[in-house]
There are 2 protein chains.
Amino acid sequence: MRSPADLTEAFRAHGLKVTPQRQLLFRLMHGNECHPTAESLFQTASEQMPGISLRTVYQTLNDLATMGELRSLDLGTGAVRFDPNIDDHHHVVCDRCSDVRDVYVSGSDALSIQGLDGFAVSNTSILFNGLCPRCAADSE
Amino acid sequence: MRSPADLTEAFRAHGLKVTPQRQLLFRLMHGNECHPTAESLFQTASEQMPGISLRTVYQTLNDLATMGELRSLDLGTGAVRFDPNIDDHHHVVCDRCSDVRDVYVSGSDALSIQGLDGFAVSNTSILFNGLCPRCAADSE
DNA sequence: TGCGAATCTGCACGTCTTGAAGATTGGCAC
DNA sequence: GTGCCAATCTTCAAGACGTGCAGATTCGCA
Ligand SMILES: [Mn+2]
Ligand SMILES: [Mn+2]
Ligand SMILES: [Zn+2]
Ligand SMILES: [Zn+2]
């Protein structure tokens, strides 16, 4: 996802308005590595802008995802997560605390795949599940 | 997933009751390659057993999943899907009609993976998205 | 400064799934 | 075969997540 300044410019260039709500979300998402949900962003945003609505958070994040500025991820944790990192990468999720981290995988072209007959595959995602270091330590 | 007969025996051995509802679901799931949702199974089951409740379908499928007789899959299609195939395999989903098919992947041990530091990974799932042959043809 | 379209808020609704309570029943003792 | 009781089933309400809609607000431009 581009910087708040770049996004501001891009929005205006596309005839979209640059509202305080959007700017706040630009800032909160830029460089954010937490893979937050709309709800958790709403919590954070509410601290800096009491009165902002959850609906606007959803709306803005979806707009940014449609524009390709961020990715929305369904990692099976209940709520969709939003990711400003649009590099080709994958994820690992802690089954206990739902923490998410980026995983980079290379060499996948060497995989031997059977069963895709005729499918026009547009996306491949690899999801790792397990326990994060903290939760693994706690459960000993 | 084991055969209806084996499951009947296994249920009784564990002190669980073998009800007509459960037996019907054993039959409907055994060898089922459609990756059905609870709702779609409920539709099918209702034809053979009017009055069966959606709640019972969810309950029974979840029980079977807990017992390891089947896998519940969140493929991002809205509702969880249930799979009697418990072999190590992955899935491809059609983004248009939500059709699901099994995909077998080998050579994944040759992948170079970065970012799993400290995570105790218990499961890895690969999800392919795209268009099935039929939908790909329709959209030409 | 004023206007109008875009946006925001608040709330209702839709979907999927589970919780809870009361009715029903499978499996066993007799 | 009968009766009992815990397990199960049905029904209905509610929880979680996300979206549609209507009316209030406001950004961006003249
Ligand atoms: Mn990421
Ligand atoms: Mn499968
Ligand atoms: Zn954790
Ligand atoms: Zn299709």
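Convention: sequence-line order gives letters A, B, ...; per-chain numbering from 1. Quick caveat: nothing in here was measured; it's all calculated off a predicted structure. Computed from heavy atoms alone, side chains included, the values below leave out hydrogens, waters and symmetry copies.
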Would you say A:H91 and A:D83 are linked by a side-chain donor-acceptor pair, where the criterion is simply a distance under 3.5 Å? yes
The first and last nucleotides of DNA chain D lying within contact of chain B, meaning any atom under 4.0 Å from one of its heavy atoms, run from D:dA6 to D:dT11
With no hydrogens and no angle check, is any side-chain donor or acceptor of B:H30 less than 3.5 Å from a backbone partner on B:R2? yes
Which donor-acceptor pairs under 3.5 Å do side chains of residues 71-78 of chain A form with protein atoms, sequence neighbours excluded?
{"from": "A:R71", "atom 1": "NH1", "to": "A:D87", "atom 2": "O", "distance (Å)": "3.2"}
{"from": "A:D74", "atom 1": "OD1", "to": "A:G76", "atom 2": "N", "distance (Å)": "3.0"}
{"from": "A:T77", "atom 1": "OG1", "to": "A:R81", "atom 2": "NE", "distance (Å)": "3.1"}

A:T56: which residues meet the side-chain hydrogen bond (donor to acceptor under 3.5 Å, both in side chains) condition with it, sequence neighbours left out? A:S53
Would you give me the side-chain donor-acceptor pairs under 3.5 Å for residues 41-48 of chain A, sequence neighbours excluded?
{"from": "A:Q43", "atom 1": "NE2", "to": "A:E39", "atom 2": "OE2", "distance (Å)": "2.7"}
{"from": "A:T44", "atom 1": "OG1", "to": "A:S40", "atom 2": "O", "distance (Å)": "3.1"}
{"from": "A:S46", "atom 1": "OG", "to": "A:F42", "atom 2": "O", "distance (Å)": "2.7"}

With B for base contact, S for sugar-phosphate-only contact and - for none (protein heavy atoms under 4.0 Å), nucleotides 2-11 of chain C reads --BBBSSBB-
List the atom pairs, donor and acceptor, that lie under 3.5 Å between side-chain atoms in residues 113-125 of chain A and the rest of the protein, sequence neighbours left out.
{"from": "A:S122", "atom 1": "OG", "to": "B:N129", "atom 2": "O", "distance (Å)": "3.4"}

Measure the acute angle between the ring planes of B:H89 and B:H35, then classify it against the limits of 30° and 60° as parallel, tilted or perpendicular. tilted
